[in-house]
Amino acid sequence: MTLADEAIAWYQANARDLPWRQPDTTPWGVLVSEVMLQQTPVVRVEPAWRSWMTRWPDPAALAADPVSEAIRMWGRLGYPRRAMRLHACAVAIVDRHGGRVPDDLDQLLALPGVGTYTGRAVATFAYGQRHPVVDTNVRRVVCRAVEGKPDAGPTTTAADLTAMEALLPEDEERAAKASIAFMELGAIVCTARSPKCADCPFHDVCAWRLRGEPLPEGPSRKPQKYAGTDRQVRGLILEVLRHATAPVPRQRLDLVWNDDLQRARALSGLVEDGLVEPLGEHDFILAGDAPRGEIQPL
DNA sequence: GACTCGTGGGA
DNA sequence: TTCCCAAGAGT
């Protein structure tokens with residue numbers, strides 16, 4: 001039994017029942033799930049995915065609505081630029097591919113918001129192709145089980161893809177299953193903190209466990225701060241605009257943060273990113289929103 | 001490569 | 001409470 005065989009057998013007995021894994025899920029549904037899952041935990045993605053797919057069951061439906069609606073529906077999933085890019089992605093799919101999610105990896109990678117991970121994930125999980133699909137989970141599993149190190153580097157490298165490629169079965173269908181199995185293993189067994197090695201199919205062969213599960217050496221990554229950052233201020237501003245039914249005066253946005261300089265920087269950043277649009281002299285709206293009704297100063 | 005970009009929940 | 005981190009992408 002190879003590692004892939006062990007992983008596949010384990011997956012078939014232990015996989016979570018997630019909605020985007022249902023056999024009737026479309027490639028669009030897979031794509032939406034993958035984008036939502038970029039840095040957002042499964043538990044928060046699940047209800048959001050259901051709502052999104054109900055409202056926009058295919059790329060053409062999303063492309064027909066303004067991007068502001070996508071930003072609103074995104075809610076509090078975080079990193080709202082993903083909502084903007086997913087909308088742009090839907091538009092591109094309609095324009096370039098007749099509304100059908102492409103099955104070619106290079107065409108997928110050319111879409112907005114689709115990077116090394118997401119492109120391969122869609123080609124593999126939606127179309128059953130054979131590609132190494134490497135996310136943070138896979139990196140951790142391979143790093144531990146094969147290399148015997150406690151944790152992988154912060155970003156996916158070409159070496160990570162090569163390492164995973166070497167573990168994939170030749171058969172296309174089994175390769176796809178192996179990819180999802182490695183990911184699932186990292187997500188629920190070989191976790192970053194307190195891995196459940198007793199439940200792991202690699203228990204007897206894992207290089208990291210055989211070495212006595214050494215701890216990571218130095219500070220692995222720099223601490224991720226949020227409080228007081230521009231990201232927090234952007235989040236506060238966008239939260240106001242998401243709920244607005246009319247253009248929002250700057251004075252209303254001034255209430256969300258007391259540091260004038262930082263607030264101005266956050267707001268102009270949102271405008272530069274295309275999430276927010278100035279309207280007239282002193283109002284702001286979610287990008288793509290049609291101004292309607294009277295100004296309601298809250 | 002190093003940085004930026006949200007949000008929330010569990011240890 | 002504080003810290004960590006969760007299916008990354010783009011610059």
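FYI, side chains are in, hydrogens and waters are out, and symmetry mates aren't considered; it's all heavy atoms of this structure. Every chain is numbered from 1 and lettered A, B, ... according to where its sequence line falls, protein lines coming before strand lines.
Side-chain N/O atoms of A/R140 include one lying less than 4.0 angstrom from OP1 or OP2 on C/dA6.
As judged by a 4.0 angstrom heavy-atom cut-off over every strand, A/W20 is placed among the base-contacting residues. A/A121 comes within 4.0 angstrom of nothing in the nucleic acid, heavy atoms only. Residue contacts shown for A/G115 are limited to sugar-phosphate atoms, with no base heavy atom under 4.0 Å away. Looking at heavy-atom distances under 4.0 Å, A/R265 makes no contact with the nucleic acid at all. Nucleic acid contact for A/R76: sugar-phosphate only, since backbone atoms but no base atoms lie under 4.0 Å from a heavy atom of the residue. Looking at heavy-atom distances under 4.0 Å, A/T116 makes contact with sugar-phosphate atoms alone, never a base. The residue A/L77 sits close to a base: some heavy atom pair falls under 4.0 Å.
When the options A/R76, A/R72, A/R234 are evaluated for a salt bridge (Lys or Arg N to Asp or Glu O under 4.0 Å) with A/E239, the one that passes is A/R76.
Ring geometry for A/W52 against A/W74 counts as perpendicular: the plane angle is over 60°, on a 0 to 90° scale with 30° as the lower cut.
Taking every side-chain heavy atom of A/R193 into account, C/dC4 is the closest of B/dT7, C/dC4, B/dC5.
A side-chain donor-acceptor contact under 3.5 Å links A/T40 and A/R82.
Side-chain contact between A/C89 and A/L31 is present, with at least one heavy-atom pair separated by less than 4.5 Å.
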